[in-house]
Amino acid sequence: MKNKIFFLTIIIFFMGLFFIIDIEGIEDLNNSMSIKDIKNISNKEFQKIKKDRRQANYDLLNIKYKNNEVPYDTEKNIYYICYYDNKYDFELIFNDNTTIKTVENTNKNNIKIIAYNQKKYKIYDISLTKFPIINIDISEKKKNNELITTKYTQGKVNIFDNTQVKNKLNVVNETAQFKIRGLSSQSYDKKSYSIQFIDSDSGQKKLVNNVLGFKDNNTFALNSLYEDDSKIRDTLSLNTWKKINNKKTNDINIKYVEVFINNRYYGLYGFSEVINEYTLDVQGKDSEIYKINNHNVPKLNTFNNDLLVNDSIEIAYPKSAKNASWEPIKNIIRLNYDSNDQVFKENILKYIDIDNCVDYFILCELTHNADGLWKNNVFKYIKMTKKMLKIPWDFDLTWGACWDGTNELMVNYNIETSENLLVENKHENLSGYLEQRLWQNNVGNFRQKVAKRWKELRSGFLETESFVNYANSLYDEVTESGARKREHERWPDGGYSTDNSFIEKFIRQRLPYLDSQFLQYLDDSGEN
């Protein structure tokens with residue numbers, strides 16, 4: 001009798017289990033099919049499938065690309081995958097009893113899938129993006145449940161790269177550590193981050209090759225683009241430098257990506273190289289790198305040669321003060337800020353590459369980068385030539401965007417700057433800057449060199465219609481990818497615009513204005 005009661009109890013238990021949790025939900029997902037092979041159905045068929053079944057509260061399928069979990073946003077219940085060559089693919093992992101269909105859809109950047117069995121159905125929404133995706137997973141939570149703080153936190157990163165390999169995504173899986181970067185931007189709701197790849201066993205920094213086509217490096221930046229209403233100012237500026245500079249010196253690469261952290265969509269970012277020896281192609285003891293972090297120009301008598309940081313200036317390479325020298329940057333400060341015009345004119349060309357300064361001057365004037373005249377400067381000292389090169393870095397306050405500490409985004413937009421020459425201004429936080437003194441004193445026919453180079457650029461990359469079209473193409477790329485809308489939904493208080501009319505107007509006014517300021521010097525010497 002006891003045995004019968006026992007077996008009856010077991011039967012009742014499993015019957016209850018079946019009705020409570022639906023036994024189908026714990027079956028193995030053992031079949032795989034490409035999204036390309038899934039049949040598409042009409043909305044009418046879709047509604048009929050739903051009508052005859054209840055919605056499942058468990059997954060009827062998994063979505064993967066080459067055994068990598070596809071990025072997922074828990075807030076909106078949407079999966080994300082990249083286009084490549086205007087195509088896409090991913091695998092659906094499902095049970096024998098499950099049927100899968102895609103549903104007709106007029107939005108080419110969205111896919112709706114319905115998975116169903118005899119009793120249940122579940123809907124899966126997939127968003128397609130033209131940009132690479134960076135998927136970060138962090139298990140360790142800091143204080144106040146913050147995932148990433150100003151100190152490094154370890155985690156995993158998957159980079160879905162659609163920029164390099166034809167007909168497929170290249171997926172990079174690495175251990176990395178992450179921290180918040182930036183100064184004033186740390187006050188924004190949306191943060192910028194540093195990504196540093198590390199060895200999973202030793203925890204030591206690790207060089208990773210060919211990430212988004214960039215040079216081998218161990219550290220990259222995720223720039224939030226939060227305050228920039230256009231989302232193109234950094235990209236437009238740094239890409240313009242490549243055309244102006246024409247590979248004569250180093251440049252900083254930046255690409256758009258969309259970021260997920262712990263299954264939460266974090267928005268559109270600028271994935272960029274950082275200032276270090278790998279980005280700037282420094283080997284051994286052949287060069288030194290100096291990075292300017294604020295507007296202060298330190299007094300020469302305050303330098304401590306045993307440190308890697310003196311006031312606004314940081315030695316980014318070499319990493320040891322014992323192997324570094326402050327003399328090259330002190331020579332620039334001594335001549336630019338502590339010398340009269342005669343001494344400056346007679347000596348400065350010994351320490352700089354004037355053609356590099358011409359190019360940098362044109363970029364700063366073109367973009368009206370008032371925030372990059374001393375602060376955000378990067379100097380690369382070449383020991384063989386004993387001269388400094390300048391490398392553009394951080395061009396977010398450009399193309400009419402200006403610092404404004406009176407609002408939360410700390411930026412306003414002033415179209416009048418399109419007809420203002422930086423080199424003729426007095427700057428509140430700066431007594432002067434290198435290119436300004438070169439221009440004012442016409443050192444080495446600086447004005448004529450600027451005029452000649454400007455004329456060359458205006459007949460090529462900076463021809464008005466061509467350049468306007470290029471700027472608009474960057475803006476349209478962000479919009480048409482759907483990333484601009486997703487970014488605004490995620491961060492509604494961030495900078496946002498619905499068209500590129502402001503930057504287009506700025507460019508159309510800026511180019512002829514600079515013609516009037518520069519080209520008048522063409523006939524002053526033999527430079528033309």
Side-chain angles (χ1 to χ4, degrees), residues 223 225-244 254 256 268 270 359-373 376 392 394-425 427 450-451 453-481 483-485 487-488 492-520:
N223 297 323
L225 313 177
Y226 182 73
E227 76 283 10
D228 180 7
D229 66 345
S230 74
K231 311 305 178 192
I232 71 169
R233 284 181 166 84
D234 261 327
T235 301
L236 178 59
S237 300
L238 295 176
N239 288 354
T240 297
W241 169 251
K242 293 180 181 181
K243 297 294 185 179
I244 295 174
I254 184 170
Y256 291 115
L268 179 72
D359 288 346
Y360 192 86
F361 172 83
I362 287 175
L363 180 68
C364 281
E365 286 291 356
L366 173 63
T367 61
H368 201 272
N369 184 20
D371 199 42
L373 306 177
N376 297 323
D394 196 349
F395 271 63
D396 57 339
L397 292 176
T398 50
W399 311 103
C402 310
W403 168 264
D404 183 355
T406 65
N407 62 62
E408 290 185 5
L409 292 180
M410 293 176 280
V411 65
N412 68 36
Y413 300 97
N414 183 3
I415 197 66
E416 293 180 4
T417 59
S418 64
E419 296 182 344
N420 171 264
L421 204 62
L422 282 171
V423 76
E424 293 182 351
N425 295 345
H427 300 277
V450 167
R453 185 72 184 111
W454 180 253
K455 183 180 179 182
E456 294 169 351
L457 290 165
R458 287 289 278 133
S459 63
F461 180 68
L462 293 184
E463 187 276 325
T464 301
E465 294 306 317
S466 174
F467 191 61
V468 164
N469 288 340
Y470 175 65
N472 284 337
S473 73
L474 290 177
Y475 188 95
D476 292 344
E477 181 184 29
V478 175
T479 302
E480 292 168 5
S481 71
R484 187 180 306 281
K485 180 182 178 182
E487 167 78 12
H488 185 53
D493 294 330
Y496 178 70
S497 63
T498 57
D499 60 51
N500 199 38
S501 57
F502 181 90
I503 288 181
E504 178 173 340
K505 183 178 180 181
F506 182 95
I507 292 171
R508 290 191 182 280
Q509 294 182 181
R510 189 68 173 160
L511 291 173
Y513 173 76
L514 293 181
D515 288 344
S516 71
Q517 300 300 307
F518 294 163
L519 297 181
Q520 62 181 304

Kindly compute the distance separating [atom1] ([X]) from [atom2] ([Y]), expressed to the nearest 0.5 Å.
X	Y	atom1	atom2	answer
L421	L514	CG	CG	7.0 Å
N500	S497	CG	OG	7.0 Å
I254	L238	CD1	CG	6.0 Å
L363	I244	CG	CD1	5.0 Å
L462	K455	CG	NZ	15.0 Å
E480	K485	CD	NZ	14.5 Å

In sequence, state the C-alpha distance, the side-chain angles, and the governing distance for M410 and E227, and then conclude on side-chain contact (heavy atoms from CB on, under 4.5 Å). CA-CA 8 Å; M410 293 176 280; E227 76 283 10; over 6 Å; no

Taking only residues two or more places apart in sequence, or in another chain, which ones meet N369 in a side-chain hydrogen bond (donor to acceptor under 3.5 Å, both in side chains)? none

Derivation of the side-chain contact (heavy atoms from CB on, under 4.5 Å) call for F502 and D229: CA-CA 10 Å; F502 181 90; D229 66 345; 5.7 Å; no

Compare every heavy atom of [Y] with every heavy atom of [X], then report the nearest pair and how far apart it is.
X	Y	result
N414	C402	CB-SG, 4.1 Å
L268	A483	CD1-CB, 4.0 Å
S237	T398	OG-OG1, 3.5 Å
C364	G372	SG-O, 4.1 Å

Is R484 positioned over the aromatic face of Y475, cation under 6.0 angstrom from the ring centre and no more than 45 degrees off axis? yes

I want to check something: taking the side chain as every heavy atom from C-beta on, are [X] and [Y] in contact at a cut-off of under 4.5 Å?
X	Y	answer
K505	R508	no
W241	L236	no
F461	T240	yes
F518	F361	yes
H368	L422	yes

What residues, two or more places apart in sequence or in another chain, satisfy salt bridge (Lys or Arg N to Asp or Glu O under 4.0 Å) together with E424? none

Under 3.5 Å, is there a donor-acceptor pair between the side chain of [X] and the main chain of [Y]?
X	Y	answer
K231	Y226	yes
E365	I362	no
S466	E463	no
D404	T406	yes

Evaluation steps, side-chain hydrogen bond (donor to acceptor under 3.5 Å, both in side chains), between N376 and D371: CA-CA 7 Å; N376 297 323; D371 199 42; 3.3 Å; yes

Here's a test for you: under side-chain contact (heavy atoms from CB on, under 4.5 Å), which of I507, L457, L511 qualifies with L366? L511

For residues [X] and [Y], is any side-chain donor paired with an opposing acceptor at under 3.5 Å?
X	Y	answer
N472	N469	no
R510	T417	no
Y470	N239	yes
N420	N425	yes

Could you walk me through whether W399 and S230 satisfy the side-chain hydrogen bond (donor to acceptor under 3.5 Å, both in side chains) test, starting with their C-alpha distance in whole Å, then the side-chain angles of each, then the deciding distance to 0.1 Å, before giving a yes or no? CA-CA 10 Å; W399 311 103; S230 74; over 6 Å; no

Could you check, using the six-membered ring where one of them is a Trp, whether F506 and Y413 have ring centers closer than 6.0 angstrom? no

Check the pair V478 / Y256 against side-chain contact (heavy atoms from CB on, under 4.5 Å), numbers first and verdict last. CA-CA 8 Å; V478 175; Y256 291 115; 3.7 Å; yes

Checking side-chain hydrogen bond (donor to acceptor under 3.5 Å, both in side chains) for the pair T464/R458: CA distance, chi angles, key distance, verdict? CA-CA 8 Å; T464 301; R458 287 289 278 133; 3.2 Å; yes

Does D515 form a side-chain hydrogen bond (donor to acceptor under 3.5 Å, both in side chains) with W454? I'd like the steps, not just the answer. CA-CA 8 Å; D515 288 344; W454 180 253; 2.7 Å; yes

Please identify which of these residues, D228, D394, D396, meets the salt bridge (charged side-chain N to carboxylate O under 4.0 Å, His left out) condition with R233. D228

Using 30° and 60° as the class limits, which term best fits the ring planes of Y360 and F395: parallel, tilted or perpendicular? perpendicular

